[in-house]
Enquirer: 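After the structure tokens below, expect a handful of questions from me.
In this text the structure is predicted, and so the values were computed from the model without any measurement.
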Amino acid sequence: MEFRIDRGGGVPPYLQLVRQVREGLRLGWLKPGDRLPTLRDVVKSCGVNANTVLKAYRELELSGLVEARQGSGTYVRAALGSTPPEVMSHLRKRLGEWVSEARSSGLDNEDIDALIRAVLNDKGEKR
């Protein structure tokens with residue numbers, strides 16, 4: 001797993017790390033037993049403070065999703081979502097096509113995000 005930090009998005013970096021792990025668990029990219037990148041690797045690749053990574057990993061640990069093993073690293077403990085990977089892959093492909101169409105129509109990321117949230121709220125899918 002490779003983390004990405006958006007410095008202009010207004011979301012604190014530790015929350016971005018938490019969100020990316022949760023997304024990885026939902027999409028099946030991370031499974032129980034997988035090892036998260038080391039603190040040193042995340043600091044080096046993302047340019048964040050070590051305490052930021054520790055805060056994110058601690059929050060994930062408190063939610064029961066990962067566990068820190070003394071001297072070994074941080075490992076995924078639980079999965080999220082129950083949708084089969086092939087279904088997620090199919091839906092992701094279709095969503096990617098829709099996003100391409102939206103961008104070619106002139107929508108930026110905020111427009112697309114607002115549109116998706118509006119549809120989710122209209123359909124009563126907010127969970």
Side-chain angles (χ1 to χ4, degrees):
M1 166 161 222
E2 188 172 318
F3 293 113
R4 300 169 314 280
I5 299 298
D6 176 9
R7 302 207 184 277
V11 177
Y14 88 93
L15 287 178
Q16 293 182 47
L17 296 174
V18 168
R19 185 180 65 211
Q20 289 172 42
V21 169
R22 294 181 67 86
E23 287 173 355
L25 291 168
R26 286 211 180 275
L27 297 173
W29 299 335
L30 288 172
K31 296 177 179 60
D34 287 348
R35 184 176 181 218
L36 294 183
T38 65
L39 176 102
R40 180 181 295 182
D41 287 344
V42 178
V43 167
K44 185 177 176 182
S45 66
C46 296
V48 294
N49 186 298
N51 287 329
T52 298
V53 182
L54 289 172
K55 186 173 182 179
Y57 282 13
R58 192 173 324 122
E59 183 160 321
L60 289 163
E61 191 172 6
L62 288 173
S63 63
L65 296 175
V66 303
E67 64 181 336
R69 297 179 189 166
Q70 188 71 26
S72 178
T74 302
Y75 291 84
V76 173
R77 185 175 181 198
L80 287 174
S82 58
T83 304
E86 60 273 6
V87 172
M88 293 297 277
S89 178
H90 173 72
L91 292 172
R92 182 178 178 177
K93 180 180 180 226
R94 289 184 55 204
L95 184 58
E97 292 166 356
W98 181 86
V99 168
S100 294
E101 182 182 345
R103 285 195 173 127
S104 68
S105 298
L107 277 68
D108 64 17
N109 286 350
E110 280 191 43
D111 297 331
I112 292 169
D113 187 51
L115 190 54
I116 289 173
R117 288 182 194 281
V119 170
L120 287 174
N121 289 334
D122 287 347
K123 300 288 182 188
E125 297 290 332
K126 189 175 181 182
R127 294 180 187 179

Enquirer: Filter on side-chain hydrogen bond (donor to acceptor under 3.5 Å, both in side chains), then keep only pairs touching residues 84-95, sequence neighbours left out; what's left?
Expert: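 Qualifying pairs: none.
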Enquirer: Who pairs with Arg117 by side chain to side chain donor-acceptor pair (under 3.5 Å), at least two apart in sequence or on another chain?
Expert: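 Here the qualifying residues are Asp113.
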Enquirer: Taking all non-hydrogen atoms of both residues into account, name the closest pair between Met1 and Pro37 and its distance.
Expert: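 Shortest heavy-atom contact: O-CG, 3.2 Å.
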Enquirer: Suppose the criterion is salt bridge (Lys or Arg N to Asp or Glu O under 4.0 Å): which pairs have a residue in residues 24-38, not counting sequence neighbours?
Expert: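 As it turns out, there is no salt bridge (Lys or Arg N to Asp or Glu O under 4.0 Å) pair with a partner in residues 24-38 once direct neighbours are skipped.
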Enquirer: I'd like a table of donor-acceptor pairs (distance under 3.5 Å, sequence neighbours excluded) in which one partner is a side-chain atom from residues 4-18, with atom names and distances.
Expert:
from	atom 1	to	atom 2	distance (Å)
Asp6	OD1	Gly8	N	3.1
Asp6	OD1	Gly9	N	3.4
Arg7	NH2	Cys46	O	2.6
Arg7	NH2	Gly47	O	3.2
Gln16	OE1	Asp6	N	2.7
Gln16	NE2	Asp6	O	3.0
Gln16	NE2	Val11	O	2.7

Enquirer: Could you give all pairs that pass the side-chain hydrogen bond (donor to acceptor under 3.5 Å, both in side chains) test and reach residues 70-80, with sequence neighbours left out?
Expert: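 Residue pairs with at least one partner in residues 70-80: Ser72-Tyr75.
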Enquirer: Extract all donor-acceptor atom pairs below 3.5 Å that involve side chains of residues 97-105 and protein atoms in other chains or at least two apart in sequence.
Expert:
from	atom 1	to	atom 2	distance (Å)
Ser100	OG	Gly96	O	3.1
Arg103	NH2	Asn109	OD1	2.6
Ser104	OG	Ser100	O	3.4
Ser104	OG	Glu101	O	2.8
Ser105	OG	Glu101	O	3.0

Enquirer: Testing the basics here: between Pro32 and Ala78, what is the closest heavy-atom pair and its distance to 0.1 Å?
Expert: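 Reported closest heavy-atom pair: CG-C, 4.1 Å.
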Enquirer: Identify, with sequence neighbours excluded, every residue that meets side chain to side chain donor-acceptor pair (under 3.5 Å) alongside Thr38.
Expert: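 Applying side chain to side chain donor-acceptor pair (under 3.5 Å) to Thr38 gives Asp41.
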Enquirer: Under the rule for side chain to side chain donor-acceptor pair (under 3.5 Å), what residues qualify as partners of Asp111, not counting sequence neighbours?
Expert: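 Once residues adjacent in sequence are excluded, Asp111 has no partner under the side chain to side chain donor-acceptor pair (under 3.5 Å) criterion.
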Enquirer: Could you pull out all residues at least two apart from Arg69 that satisfy side chain to side chain donor-acceptor pair (under 3.5 Å)?
Expert: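 So Arg69 forms a side chain to side chain donor-acceptor pair (under 3.5 Å) with Glu67.
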Enquirer: Within the 4.5 Å heavy-atom criterion, are Val21 and Phe3 side-chain neighbours or not?
Expert: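 Of all side-chain heavy-atom pairs linking Phe3 with Val21, at least one is under 4.5 Å.
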Enquirer: Please give me the minimum heavy-atom distance between Tyr57 and Val66, naming the atom from each residue.
Expert: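 Heavy-atom minimum between the residues: O-CG2, 3.8 Å.
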Enquirer: Considering residues at least two apart in sequence or located in another chain, which fulfil the side chain to side chain contact (heavy atoms under 4.5 Å, CB included) criterion with Asn51?
Expert: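 If we apply the side chain to side chain contact (heavy atoms under 4.5 Å, CB included) test to Asn51, skipping adjacent residues, the hits are Asn49, Leu54.
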Enquirer: Going by the rule side chain to side chain contact (heavy atoms under 4.5 Å, CB included), which residues pair with Ala114 if we only count those two or more places apart in sequence or in a different chain?
Expert: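 With sequence neighbours excluded, Ala114 shows a side chain to side chain contact (heavy atoms under 4.5 Å, CB included) to no residue whatsoever.
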Enquirer: Could you tell me which residues satisfy salt bridge (charged side-chain N to carboxylate O under 4.0 Å, His left out) with Arg19, sequence neighbours excluded, listed by chain and number?
Expert: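 With sequence neighbours excluded, Arg19 shows a salt bridge (charged side-chain N to carboxylate O under 4.0 Å, His left out) to Glu23, given in chain and number order.
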Enquirer: Could you grab the distance from atom CG of Leu80 to atom CG of Leu30, nearest 0.5 Å is fine?
Expert: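 Leu80 CG to Leu30 CG: 10.0 Å, rounded to 0.5 Å.
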Enquirer: Test of understanding: clusters of I, L, V, M, F, W, Y form through side-chain heavy atoms closer than 4.5 Å, transitively. Do Val76 and Trp29 belong to the same one?
Expert: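 No; Trp29 is not reachable from Val76 via cluster members.
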Enquirer: Say whether Leu65 and Leu27 are linked into one hydrophobic cluster, either directly or through other cluster members, by side-chain heavy-atom distances under 4.5 angstrom.
Expert: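 Shared cluster, no.
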Enquirer: Would you check if Leu91 and Leu95 make a side-chain contact, meaning some heavy-atom pair closer than 4.5 Å?
Expert: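 No, every pair of side-chain atoms sits at 4.5 Å or beyond.
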